[in-house]
Amino acid sequence: MSELTPGFADPVLGAQSCFRAILEAMSRPGRLQRVAGIDQPPAPLGVAAAATMLTLADADTPVWTDAGRAAEDWLRFHAGCPLVASPAEAAFLLATGRMPALATLAQGSEEEPHRSATLIVEVRTLAETVGWKLTGPGIETEHRLQVAGLPADFLRQWAANRRGFPRGVDVVLTAGPWLAALPRTTRIEEA
Amino acid sequence: MTIETGYNFGYLDENTKRMIRRALLKAVAIPGHQVPFGSREMPLPYGWGTGGIQVTASVIGPQDRLKVIDQGADDTTNAVSIRRFFAKVAGVATTERTSGATIIQTRHRIPEVKLREGQILVYQVPMPEPLFRLEPRVSETRRMHALADYGLMHVRLYEDIARHGHIAISYNYPVMVGGRYLMSPSPIPAFDNPKMHRMPALQLFGAGREKRIYAVPPYTSVQSLDFEDHPFQPIRANAACALCGARDSYLDEVVTDDKGGRMFVCSDTDYCNTRQAAREAAE
């Protein structure tokens with residue numbers, strides 16, 4: 001077994017400030033938030049992805065990840081979350097390689113659309129002010145977001161995800177210490 | 001005030017906070033949809049803001065500055081005790097100034113001063129289900145929300161017009177959020193409803209007894225239900241505040257004696273005090 005690195009330096013306040021960053025990201029889609037509090041996230045996770053998992057996942061939330069043995073051990077130890085093999089069964093998914101297709105994840109039902117998956121994707125880079133045009137709830141006129149490292153057909157998948165509203169998957173994009181969120185209500189246009 | 005030791009930061013344990021935080025994120029992602037959560041027993045009875053307190057406790061951090069209002073007032077029992085509760089269990093700074101607060105927990109009012117980005121408004125909600133007087137079965141109202149079948153509420157408004165000539169709802173006036181979900185704005189006066197529309201601040205709603213959380217993200221459409229020929233009209237007493245002279249704020253009617261004497265004063269005490277201080281400074 002690999003050497004385990006620590007989780008949040010301060011579990012209570014670390015999770016609180018990370019949650020506020022995610023809440024702010026979810027309520028203002030496309031705006032970048034910086035997360036701190038974990039000194040050595042397990043490879044290949046960045047600080048934001050690791051902190052998001054510790055903030056939201058626990059024994060009640062099945063997690064799927066492709067991040068490999070070290071990250072799995074780290075999540076099992078610090079979050080205590082069950083790891084599942086099938087993406088469809090997971091409440092949270094943490095993708096570092098090719099992300100699972102949105103349509104294969106838990107969508108929630110018409111009556112309980114909140115029982116849907118949240119997908120966290122570690123991407124290469126995130127930048128605001130350039131790239132896609134985002135509109136929808138949380139956005140005054142439009143936000144811009146540029147993402148490198150998503151599958152080529154992501155926008156097509158996202159459009160299908162939006163059509164299913166109120167059902168659908170919510171996405172958190174992370175790159176190192178940065179994160180941005182795409183709730184299912186966000187409309188994305190290519191610039 | 002000294003911080004109480006022996007409690008976790010913000011009173012709730014971390015498992016509970018995580019559960020509420022997950023519910024909050026889904027609530028923001030589905031504007032106006034009620035997300036069930038495992039409401040905890042709090043050190044005050046249901047009806048005193050247990051839902052709002054649990055939401056605030058899951059969101060608040062040491063950098064925050066908390067304002068709590070009860071019917072617009074900072075100095076009523078409920079507001080004072082909740083403010084002291086968080087000063088005690090989270091050690092956060094508190095304020096009575098709307099513009100200086102990062103989190104505002106409210107019972108039944110929206111402050112008069114325009115809220116801005118970076119602020120969070122937490123509502124205490126007694127009954128989250130807008131349809132409950134029309135359809136008591138939760139299984140049915142859930143299906144009605146799933147189908148966006150809100151005809152029943154329109155019939156209720158229509159019956160008001162048929163009977164009274166106007167829509168006779170002065171508070172808890174139902175709204176449509178994001179053009180999709182019918183939502184109870186909590187018992188705020190209908191006067192406050194327009195403030196919810198495209199508000200720059202994030203609005204979170206917590207109902208402790210009914211165990212529901214819902215949210216309105218910033219800049220989201222919130223429309224009061226109405227008809228083309230009977231448009232929504234916010235109601236306000238036709239008077240000026242007796243203390244600050246405001247003609248644009250929501251007024252409370254205060255009975256001053258047993259001979260029919262009465263006066264109207266601003267319900268938002270911070271707004272009224274600020275205006276009075278500005279007037280005194282100008283004199």
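Residue numbers begin at 1 in each chain, while the letters A, B, ... track the order of the sequences. Given the structure is predicted, the values throughout are model-derived calculations rather than measurements.
Taking chain B as the reference chain and counting heavy-atom pairs below 4.5 Å, the highest number among A:T55, A:I22, A:L56 is found for A:L56. Of the residues considered (B:G178, B:A27, B:P36), B:P36 shows the highest number of contacts with chain A, using heavy-atom pairs under 4.5 Å. Of the listed residues (A:R28, A:R167, A:R184), the greatest number of heavy-atom pairs within a distance under 4.5 Å of chain B belongs to A:R28. Contacts with chain B were tallied for A:H114, A:R115, A:E110, A:E112; A:H114 has the most, counting heavy-atom pairs under 4.5 Å. Counting heavy-atom pairs closer than 4.5 Å to chain A, the top residue among B:M144, B:E117, B:Q34 is B:E117. Comparing B:L202, B:N15, B:L204 by how many heavy-atom pairs each has under 4.5 Å with chain A, the most go to B:L202. Contact tally against chain A (heavy-atom pairs below 4.5 Å) for B:T220, B:V216, B:I30: the top residue is B:I30.
The minimum heavy-atom distance between B:P31 and A:T185, with the atom names listed, is CD-CG2, 3.7 Å. Counting all heavy atoms, side chain and backbone alike, B:A29 lies closest to A:F165 at O-CE1, 4.1 Å. The heavy-atom pair separating B:P217 from A:P137 by the smallest distance is CG-CB, 4.1 Å.
No donor-acceptor pair closer than 3.5 Å links the side chain of A:Q16 to the backbone N or O of B:S58. Remark: side-chain polar atoms of A:R20 are paired, donor with acceptor, to backbone N or O of B:V59 under 3.5 angstrom.
By the 4.5 Å heavy-atom criterion applied to side chains, B:H33 and A:P166 are not counted as neighbours. Counting heavy atoms from C-beta outward, A:E111 and B:H145 have side chains that stay 4.5 Å or more apart. Looking at A:F19 and B:L25, their side chains come closer than 4.5 Å, going by heavy atoms from C-beta outward. A 4.5 Å side-chain heavy-atom check between A:E140 and B:R198 finds at least one atom pair inside the cut-off. B:K26 is not listed as a side-chain neighbour of A:M26, based on a closest heavy-atom distance of 4.5 Å or more.
Only the side chain of B:I120 has a heavy atom closer than 4.5 Å to any heavy atom of chain A. Neither the backbone nor the side chain of B:Q63 has a heavy atom closer than 4.5 Å to any heavy atom of chain A. Only the side chain of B:R180 comes within contact range of chain A, with at least one heavy atom under 4.5 Å from a heavy atom of that chain. For a residue to count as touching a neighbouring chain, one of its non-hydrogen atoms must lie under 4.5 Å from one of that chain's; by this rule A:P11 touches chain B with the backbone only. Contact annotation for A:S116: both backbone and side-chain heavy atoms come within less than 4.5 Å of a heavy atom of chain B. Heavy-atom distances place both the backbone and the side chain of A:T118 under 4.5 Å from chain B. In this structure, the portion of A:A57 lying under 4.5 Å from any heavy atom of chain B is its backbone and not its side chain. Using a 4.5 Å cut-off between heavy atoms, A:L13 touches chain B through its side chain atoms alone. For A:L182, no part sits under 4.5 Å from any heavy atom of chain B, backbone or side chain. At a 4.5 Å heavy-atom cutoff, the contact between B:D64 and chain A is made by side-chain atoms alone.
Atom OG of A:S109 sits about 8.0 Å away from atom CZ of B:R142, to the nearest 0.5 Å.
Within a 6.0 Å radius of CZ in B:R143, no more than 12 heavy atoms belonging to other residues, nucleotides or ligands are found.
A:D58 pairs with exactly one of B:M19, B:R22, B:E14 by the side-chain contact (heavy atoms from CB on, under 4.5 Å) rule, that one being B:R22.
A salt bridge between B:R18 and A:D60 is absent, with no side-chain N of the basic residue lying under 4.0 Å from a carboxylate O of the acidic one.
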